[in-house]
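All heavy atoms count here, side chains included; hydrogens, waters and symmetry mates do not. Protein chains get the first letters and strands the later ones, always in sequence-line order, with residue 1 at the start of each.
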Amino acid sequence: MKKFKRTLVTSALPYANGPLHIGHLAGAYIPADIFVRYLRLKKENVLFIGGSDEHGVPITLRAKKEGDTPKKIIDRYHYQMKETFKQMGISYDFYGRTSSETHHKLASDFFRQLYDNGKFIQKTNEQCYDEEAKMFLADRYIMGECPQCHCENAYGDQCEKCGTSLSPTELINPKSTISGCKPIMKKTTHWYLPLDEYEDWLKKWILEDHKEWRPNVYGQCKSWLDTGLHPRAVSRDLDWGIPLPIEGTEGKVLYVWFDAPIGYISNTKELCDTRPEKGDWETWWKDKDTRLVHFIGKDNIVFHCIVFPAMLKAHGNFILPDNVPGNEFLNLEDDKISTSRNWAVWVHEYLEDFPGKQDVLRYVLTANAPETKDNNFTWRDFQARNNNELVAIYGNFVNRALVLTQKYFNGTVPAKGELTEYDNSTLNDFADIKYKIERFLDDFKFREAQKEVLNLARIGNKYLADTEPWKLAKTDMDRVGTILNISLQIVANLAVAFEPFLPFSSEKLKKIILLKSYDWEMLGSTNLLPVGHKLNKPELLFDKIEDESIEFQIKKLLSNKESNSCKEENEIKTAPIRSNIDFADFEKLDIRIGTVLECQKVPKTDKLLQFTIDDGLNNRTILSGIAEYYSPEHLIGKQVCFIANLSSKKIRGIESRGMILSALNADNTLSLITVEKPVKPGSEVK
RNA sequence: CGCGGAGUGGAGCAGUGGCGGCUCGUUAGGCUCAUAACCUAAAGGUCGGGGGUUCGAAUCCCUCCUCCGCAACCA
């Protein structure tokens, strides 16, 4: 492995349009913080950079919806997130924001250099334009009637009612959400980064030179590279973001994914410019002896492994990431975390509900980190890990050693006598553990590393149980002194070893045992606390978490979910009645009743059922997207209502002749329309 | 045959060619310094199924099945 002189650690820039939840912490922030704290303890030269990602369409949409300016939105969430990180002990050297002046300038310059060196290609095509507001419209800014479900409020990229993905041109009666007028098509020019030109280089760099990357990261990259890369737009028509630094391009900004990763660089610069002792930002980003590590969640793999490196390569002067430890996702109580459904544990709420328990959350999210696959957070597991591991193993051992010392030696570290073979083998055990922890941390295996640290406490508990100093106290105080001395050394070692993982507890423990300062190299030492050293009064490191507070949290989650779905039902207005039609129009529709003869799921689809319907004449095949609500075997023999003269359409290679009618409920579930009493197949509906 | 990840004791997970392992839970015993915490022991697994390579397979190859995410699909 290459030796580096310094390490630059970044963690994904969280998007400033909502608060942080535990999935964010588990994915990128806690692992990054553990890694950084570990390197700092080793006295390595390390910089930890983060910041808020504050551009892009969703923020402007949110601002519009709330009647605020984008600036107000990003201010609110930037400061909230910054504070949450601080409270959780995420020890950034600098937490910046992409709306800063430094960033605007640096991102512009970055773009300009690529532009001047001909690294972009320029393309002109037609996009929706709002003549009244005089601006191009992103897909999300266009609403209209969905061509599928005829819901009135479909967006230009997707109808949220039926889930169909759309393009703005498909909408019926499209309207700009800004002015309400009908958008026209107008030509616009954008710049693209031709990723395909970097394909061969990326293949070598990742697939050959970085086989050590995590399988999930490597696999994702391989999949992209094998499929083939395409040019990606780097500009957008929008008034929120960094203006394109090209003459005559008013109303265009850098596309958010282009500007955001440059934020790592500009935040470094901003820190170094104000704090020269941190070094020169260009050394951090351009010197070959700097190791760059990005901590991210799996949704960001492509940007950090393919797009951003291609940008850096195109620029020419920057170093590339040495590793990109991407985590999978964390589920909550067996369900995907979702901001819109309010299915999340918000970190700022956790901090209120569990004051002083930052380390418990840090511990649980690390013990159960989604390093190799999606994992699940449950409040029961949270409680069990606190009570059975932090309290019972770590906290309890520390307390035992301190209470015994208080009792027999009045809180003073006793002298060590001659060591037995057992004493020595215990000491050897924890020297081994230091080596193991290092190996895991160097390999980004934080879950394993933390487990090994807890094993130190297990060794301590076992040592006390085996040597039984409380029995010896009646006969051999010298021996008791030796045992407690060793136990106290283990306690001090725990404070050091847990520091990257549980910084608050280590701080507390440090105060109890009056350990002045420490570094990683002291780990494994048996002389951290000198003989005669006076200790403070014992204090519990962790408290039990009772059932009530867990039940409270579970209830809170469930009621969030419930109130959310109630809200939805109330908020959804009954669709307005469409414009009148003539009787002649109605007569064109041929609606019939048919009997379901056969029904089966269309393979490899989630929603499609294939029906064979007896329509009184010939049997016909109809496809319907109701598989989520009905199982095929229950439908056989039922009589359903269908449109018989709708032009046929091939879906998934199957010819569908007609449309089975269902009612769309407010909660987006479908309910089949059937007859009140059986009728002859083929009966007309009038 | 869309892409990727995953299937290992009751639960959560390690283990990528050499006697199936860890944490929690369960049961029994010990201890009583400690937050009913700690220590020891036991029970519990045809390592998703089948086939193959090998002296030897959880691990490599083939094949099938299942789950998750993305994509597709919703007449």
Side-chain angles (χ1 to χ4, degrees), chain A residues 146-149 159 161-165 214-224 226-227 298-299 301-302 328-329 331 334 336 367-378 380-381 384-385 387-408 440 445 447-448 451-452 454-455 457-458 460-473 480 483-484 487 538 540-544 602-609 622-628 642-643 646-662 664 670:
Chain A
C146 169
Q148 310 290 336
C149 69
C159 170
K161 188 91 174 176
C162 67
T164 311
S165 56
R214 285 193 184 161
N216 56 338
V217 177
Y218 188 90
Q220 181 89 221
C221 293
K222 187 170 185 315
S223 146
W224 271 72
D226 288 350
T227 316
K298 71 171 164 188
D299 50 336
I301 290 174
V302 170
E328 299 288 299
F329 283 158
N331 292 328
D334 300 308
K336 202 175 157 179
N368 199 20
E371 285 175 7
T372 51
K373 59 171 200 177
D374 289 358
N375 269 348
N376 196 22
F377 177 95
T378 66
R380 290 284 167 209
D381 179 65
R385 287 195 186 273
N387 293 355
N388 303 328
E389 297 176 24
L390 287 179
V391 172
I393 294 170
Y394 179 23
N396 183 45
F397 168 66
V398 170
N399 193 41
R400 294 172 83 182
L402 295 176
V403 167
L404 285 167
T405 307
Q406 199 68 36
K407 191 164 173 183
Y408 298 128
F440 286 132
K445 291 182 175 164
R447 192 171 51 190
E448 292 292 321
K451 204 149 119 190
E452 285 304 331
L454 192 68
N455 277 340
R458 287 201 168 89
N461 274 320
K462 181 167 161 48
Y463 180 69
L464 282 181
D466 289 344
T467 53
E468 299 182 306
W470 51 90
K471 279 189 182 164
L472 293 171
V480 173
I483 293 166
L484 287 183
S487 300
L540 297 179
L541 278 184
F542 302 97
D543 298 311
K544 280 205 136 189
V602 180
K604 309 249 175 213
T605 63
D606 290 340
K607 301 185 182 176
L608 278 182
L609 287 184
I622 303 183
L623 297 186
S624 183
I626 57 172
E628 287 170 297
F642 66 96
I643 300 178
L646 194 65
S647 327
S648 67
K649 160 97 178 183
K650 223 176 190 180
I651 300 163
R652 306 291 292 183
I654 302 163
E655 186 94 8
S656 178
R657 299 178 51 239
M659 173 171 173
I660 293 175
L661 300 178
S662 300
L664 179 63
L670 290 167

Taking Watson-Crick and G-U wobble pairs with both distances under 3.5 Å, convert RNA chain B into its dot-bracket string, 5' to 3', dots for unpaired and | for cross-strand pairs.
-> .(((((((.[[[[.)..(..]]]].(((((.......))))).....[[[[[..)....]]]]])))))).....

Return the nearest nucleotide to the side chain of R385(A); candidates are A75(B), G12(B), A34(B).
-> G12(B)

Indicate, with a heavy-atom threshold strictly under 4.0 Å, whether V391(A) touches base, sugar-phosphate, or nothing.
-> base

Have a look at R380(A) and say if it touches a base, only the backbone sugar-phosphate, or nothing, with a 4.0 Å heavy-atom cut-off.
-> nothing

When you compare G50(B) with C55(B), how far apart are their C1' atoms, in angstrom units rounded to a whole number?
-> 23 Å

Report the distance from atom CG of N396(A) to atom C1' of C39(B), rounded to the nearest whole Å.
-> 12 Å

Candidates C13(B), C39(B), A34(B) - which lies nearest the side chain of N461(A) | C39(B)

What is the nucleic acid contact for L404(A), judged by heavy atoms within less than 4.0 Å: base, sugar-phosphate only, or nothing?
-> base

Find the distance between CG (L402(A)) and OG (S487(A)) and round it off to the nearest 0.5 Å.
-> 10.0 Å

Spacing of L608(A) atom CG relative to C74(B) atom P, expressed in whole Å = 6 Å

Mind checking R447(A) for me? I need base, sugar-phosphate or nothing, with any heavy atom below 4.0 Å counting as a touch.
-> sugar-phosphate

Looking only at atom C1', what distance separates A43(B) and G9(B), rounded to whole Å?
-> 10 Å

What is the nucleic acid contact for I393(A), judged by heavy atoms within less than 4.0 Å: base, sugar-phosphate only, or nothing?
-> sugar-phosphate

Euclidean distance for P, G5(B) against G44(B) (whole angstrom) = 36 Å

Using the P atom on both, measure G49(B) against U35(B) and round to a whole Å.
-> 47 Å

Closest-nucleotide 5' rank along RNA chain B - winner of F542(A) and S624(A) = F542(A)

Does the side chain to side chain contact (heavy atoms under 4.5 Å, CB included) test come out yes or no for L404(A) and L464(A), once each step is laid out?
-> CA-CA 10 Å; L404(A) 285 167; L464(A) 282 181; 4.2 Å; yes

Would you indicate which nucleotide in C74(B), U23(B), C33(B) comes nearest to any side-chain atom of E389(A)?
-> U23(B)

Have a look at L623(A) and say if it touches a base, only the backbone sugar-phosphate, or nothing, with a 4.0 Å heavy-atom cut-off.
-> sugar-phosphate

Which whole number of Å gives the distance between the P atom of C70(B) and that of C38(B)?
-> 40 Å

Expressed in whole Å, how much space separates the P atoms belonging to G17(B) and U59(B)?
-> 11 Å

Touch class at under 4.0 angstrom, heavy-atom based, for Y408(A) against every strand present = nothing

Testing A75(B), G12(B), C33(B) for proximity to the side chain of N375(A), the answer is G12(B)

Please tell me which of the listed nucleotides, C33(B), A75(B), A14(B), lies nearest to the side chain of E448(A)?
-> A14(B)

Just jot down the salt bridge (charged side-chain N to carboxylate O under 4.0 Å, His left out) partners of K471(A), sequence neighbours excluded, or say none.
-> E468(A)

In terms of side-chain heavy atoms of K451(A), which of G12(B), A75(B), C22(B) is nearest?
-> C22(B)

Taking A34(B), C39(B), A75(B) as options, the one with an atom nearest any side-chain atom of D466(A) is C39(B)

Base, sugar-phosphate, or nothing for L390(A), non-hydrogen atoms under 4.0 angstrom?
-> nothing

Taking only side-chain nitrogens and oxygens of K462(A), does any of them come within less than 4.0 Å of OP1 or OP2 of C38(B)?
-> no

Mind checking the CH2-CZ spacing from W470(A) to R400(A)? Nearest 0.5 Å is all I need.
-> 5.0 Å

Output one line per pair: protein atom, nucleotide atom from nucleotides 9-11 of chain B, and distance, for all N/O pairs under 3.5 Å.
none

Without hydrogens or angle criteria, can the side chains of N461(A) and R458(A) be said to hold a donor-acceptor pair below 3.5 Å?
-> no

Can you pull every protein N or O that's under 3.5 Å from an N or O on nucleotides 25-32 of chain B?
residue: G25(B); atom: OP1; partner: N388(A); partner atom: ND2; Å: 3.4

For A392(A) and N388(A), the nearest pair of non-hydrogen atoms, with its separation, is CB-O, 3.4 Å

NA contact type, N368(A), heavy-atom cut-off 4.0 Å: base, sugar-phosphate, or nothing?
-> sugar-phosphate

Yes or no on side chain to side chain contact (heavy atoms under 4.5 Å, CB included) for L541(A) and N399(A), after CA distance, side-chain angles and deciding distance?
-> CA-CA 8 Å; L541(A) 278 184; N399(A) 193 41; over 6 Å; no

Indicate the atoms forming the closest heavy-atom contact of N387(A) with K544(A), along with that distance.
-> OD1-CA, 3.4 Å

U16(B) versus A72(B) - spacing of their C1' atoms, nearest Å | 33 Å

List, with names and distances, any nitrogen or oxygen atoms from the protein found under 3.5 Å away from nitrogen or oxygen atoms belonging to nucleotides 3-5 of chain B.
residue: C3(B); atom: O2'; partner: S223(A); partner atom: OG; Å: 2.7

Taking all non-hydrogen atoms of both residues into account, name the closest pair between C221(A) and I301(A) and its distance.
-> SG-CG2, 4.2 Å

Can you list the steps and then say if F377(A) with D381(A) is a side chain to side chain contact (heavy atoms under 4.5 Å, CB included)?
-> CA-CA 7 Å; F377(A) 177 95; D381(A) 179 65; over 6 Å; no

Separation between the P atoms of A58(B) and C1(B), rounded to whole Å | 34 Å

When we call it a touch if two heavy atoms are under 4.0 Å apart, what does A384(A) touch: a base, just sugar-phosphate, or nothing?
-> nothing

How long is the line joining CG of D543(A) and P of A36(B), in whole Å?
-> 12 Å

Test salt bridge (charged side-chain N to carboxylate O under 4.0 Å, His left out) applied to E371(A) - qualifying residues, sequence neighbours left out | none

For F542(A) and V391(A), work out which heavy atoms get closest and say how close.
-> CB-CG2, 3.8 Å

Any idea which heavy atoms bring P538(A) and Q406(A) closest together, and the distance?
-> CD-OE1, 3.6 Å

